[in-house]
*Asks:* 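One structure, pasted below without further comment.
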Protein chains: 2
Amino acid sequence: MQVLSGKWKIHILGTLLQGGKMRFMDLLREIDGIAAKMLSKELQDLEMNQLVTRTVVDTKPITVEYEVTEYGKTMEPIIDEIANWGVFYRNRLHGKNE
Amino acid sequence: MQVLSGKWKIHILGTLLQGGKMRFMDLLREIDGIAAKMLSKELQDLEMNQLVTRTVVDTKPITVEYEVTEYGKTMEPIIDEIANWGVFYRNRLHGKNE
DNA sequence: GAAACTAGTTTCCAATTGGTAACTAATGCA
DNA sequence: TGCATTAGTTACCAATTGGAAACTAGTTTC
């Protein structure tokens, strides 16, 4: 479970699952509040655990594409469950308690 | 998601889901490596988030029973998914990689 | 009276986490 | 020449996390 530890990994995976192939700057802009350092570090962790791949593309200014691996996609049910539960949880906070 | 943050909450919930009503000492013994301080603190967090209930029982030395709430049980799919995935993950580490 | 069991709390400390800001380095554009 | 964009890295710092060990406090048993 430490595979998903930290404040951002689930968010990053969720974004990548939804967006497909994405560049570093895409992620930086898409994920609200994350700093470059964090994104970089978390992506390295995810890559080490083989949940995402990192591909350098030789464009004008080089870009780097990140993508969820097939293996990483086996996490989709978990991510989805968590997202669903999050909605459920927030509905509970304001509104019908008890 | 910070509702499940920390090293122990998923473990505690999993143990309680599996064991039903459990006392503090039961949990302390069942969950390998956890210290009383941590168990106490994590249980307080879980109680605050209404995932478990705490009931003092007036036995000879008073005991305290913890139980997962109905609401907490809505987490069961997540906990299960995570547990399943954990098994899958460990199989992958030693054995058939690639 | 002393030891043991219940459920914690307190103190103190080390390691980890996460954030800001500045910096690198290669390339393109005006 | 100088500024922007790409993808990071580095330095520094504050807050949080987690662990060990000792302690509290009530009750029961030897």
Side-chain angles (χ1 to χ4, degrees), chain A residues 1-16 19-69 72 82 86, chain B residues 1-16 19-69 72 82 86:
Chain A
M1 238 291 109
Q2 10 287 56
V3 173
L4 289 183
S5 66
K7 197 174 170 181
W8 299 107
K9 292 206 187 70
I10 290 178
H11 217 104
I12 294 171
L13 272 181
T15 307
L16 275 176
K21 222 170 264 183
M22 293 180 80
R23 290 173 304 141
F24 187 83
M25 276 295 149
D26 291 340
L27 288 166
L28 201 56
R29 279 187 274 259
E30 193 85 3
I31 301 173
D32 202 57
I34 198 168
K37 183 186 100 172
M38 277 298 116
L39 182 54
S40 171
K41 201 211 103 202
E42 300 286 70
L43 283 170
Q44 278 172 31
D45 288 355
L46 291 171
E47 203 196 343
M48 252 194 300
N49 286 312
Q50 295 165 44
L51 298 177
V52 305
T53 52
R54 178 180 181 277
T55 316
V56 178
V57 184
D58 200 4
T59 45
K60 327 73 191 271
I62 65 151
T63 51
V64 179
E65 283 176 350
Y66 291 91
E67 195 173 13
V68 181
T69 61
I82 288 170
Chain B
M1 239 289 110
Q2 10 285 57
V3 173
L4 289 184
S5 66
K7 197 173 171 182
W8 299 108
K9 292 206 187 68
I10 290 178
H11 217 103
I12 293 172
L13 272 182
T15 307
L16 275 175
K21 223 172 262 181
M22 292 181 79
R23 289 172 305 142
F24 188 83
M25 277 294 150
D26 291 341
L27 287 167
L28 200 57
R29 279 187 274 260
E30 193 86 3
I31 301 173
D32 204 56
I34 198 169
K37 185 188 101 172
M38 275 300 117
L39 182 54
S40 172
K41 201 211 102 203
E42 300 286 69
L43 283 170
Q44 279 172 31
D45 288 355
L46 291 172
E47 202 195 344
M48 253 193 300
N49 286 311
Q50 294 164 44
L51 298 176
V52 305
T53 53
R54 179 181 181 277
T55 317
V56 178
V57 184
D58 201 3
T59 44
K60 323 75 189 270
I62 65 147
T63 52
V64 179
E65 283 177 348
Y66 291 92
E67 196 173 12
V68 180
T69 61
I82 288 170

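Throughout, a chain's letter reflects where its sequence line sits, starting with A, and its residues are numbered from 1. On a predicted model such as this, the values are computed, not experimentally measured, just so you know.
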*Asks:* Looking at dG18(D), does its base get a donor-acceptor pair with the side chain of K41(B) below 3.5 Å?
*Replies:* no
*Asks:* Looking at side-chain heavy atoms only, is the closest gap between Y66(B) and I12(B) below 4.5 Å?
*Replies:* no
*Asks:* CG of L39(B) to CD1 of I34(B): how many Å apart, nearest 0.5 Å?
*Replies:* 4.5 Å
*Asks:* Taking only residues two or more places apart in sequence, or in another chain, which ones meet K21(A) in a side-chain contact (heavy atoms from CB on, under 4.5 Å)?
*Replies:* E65(A), E67(A)
*Asks:* Just how far, in rounded Å, is P of dA14(C) from CE of M38(B)?
*Replies:* 17 Å
*Asks:* For E47(A), enumerate each residue passing the side-chain contact (heavy atoms from CB on, under 4.5 Å) test, keeping only those at least two apart in sequence or located in another chain.
*Replies:* V52(A), R54(A)
*Asks:* Rounded to the nearest Å, what distance is computed from the CG atom of residue L43(A) to the C1' atom of nucleotide dA7(D)?
*Replies:* 11 Å
*Asks:* Test: salt bridge (charged side-chain N to carboxylate O under 4.0 Å, His left out). Region: residues 2-11 of chain B. Which pairs qualify, not counting sequence neighbours?
*Replies:* K9(B)-E42(B), K9(B)-D45(B)
*Asks:* With sequence neighbours left out, what residues match M22(B) under side-chain contact (heavy atoms from CB on, under 4.5 Å)?
*Replies:* T15(B), L16(B), D26(B), L27(B), E30(B)
*Asks:* Rounded off to whole Å, could you give me the CD1-to-P distance for the I10(A) and dG18(C) pair?
*Replies:* 12 Å
*Asks:* Just the rounded figure in Å: distance from P of dT5(D) to CG of D58(A).
*Replies:* 21 Å
*Asks:* Measure the distance from CE on M1(B) to P on dT17(C) and round it to the nearest whole Å.
*Replies:* 17 Å
*Asks:* Return all side-chain donor-acceptor pairs below 3.5 angstrom for residues 57-64 of chain B, not counting sequence neighbours, or 'none' if the list is empty.
*Replies:*
| residue | atom | partner | partner atom | Å |
| --- | --- | --- | --- | --- |
| T59(B) | OG1 | P61(B) | O | 2.9 |
| T59(B) | OG1 | T63(B) | N | 3.4 |
| T59(B) | OG1 | T63(B) | OG1 | 3.2 |

*Asks:* Any side-chain N or O of S40(A) under 4.0 Å from OP1/OP2 of dA7(D)?
*Replies:* no
*Asks:* What I'd like to find out is whether the side chain of L13(B) reaches to under 4.5 Å of the side chain of L4(B), using heavy atoms alone.
*Replies:* yes
*Asks:* Given side chains that start at C-beta, do those of V68(B) and L51(B) come closer than 4.5 Å, heavy atoms only?
*Replies:* no
*Asks:* Within this structure, what is the CD1-CD1 distance for the pair I10(A) and I82(A), rounded to the nearest 0.5 Å?
*Replies:* 4.0 Å
*Asks:* Atom CE in M38(A), atom CG in L43(A): separation rounded to 0.5 Å?
*Replies:* 11.5 Å
*Asks:* Output one letter per nucleotide in nucleotides 22-30 of chain C: B when a protein non-hydrogen atom lies under 4.0 Å from the base, S when only the sugar-phosphate is that close, - when neither is.
*Replies:* -----SS--
*Asks:* Could you check which residues of residues 28-35 of chain B get a heavy atom under 4.0 Å from DNA chain D? Sort them by number, please.
*Replies:* none
*Asks:* Using a 4.0 Å cut-off on heavy atoms, which residues in residues 19-27 of chain A reach DNA chain C? List them by number, or say none.
*Replies:* none
*Asks:* To the nearest angstrom, how far is H11(A) atom NE2 from dT17(C) atom P?
*Replies:* 20 Å
*Asks:* Starting at atom CH2 of W8(B), determine the distance to atom C1' of dT16(D), rounded to an integer number of angstrom.
*Replies:* 17 Å
*Asks:* Check every strand shown and say whether E65(A) touches a base, only sugar-phosphate, or nothing at a heavy-atom separation below 4.0 Å.
*Replies:* nothing
*Asks:* Could you state the atom-to-atom distance from CG of L39(B) to P of dT17(D) in whole Å?
*Replies:* 17 Å
*Asks:* Verify the contact: side-chain N or O of Q44(A) to OP1 or OP2 of dT9(D), cut-off strictly under 4.0 Å; return yes or no.
*Replies:* yes
*Asks:* Under the 3.5 Å rule, do the base of dG19(D) and the side chain of K37(B) count as making a donor-acceptor pair?
*Replies:* yes
*Asks:* Check side-chain contact (heavy atoms from CB on, under 4.5 Å) between R29(A) and all other residues, then give those that pass, not counting sequence neighbours.
*Replies:* M25(A)
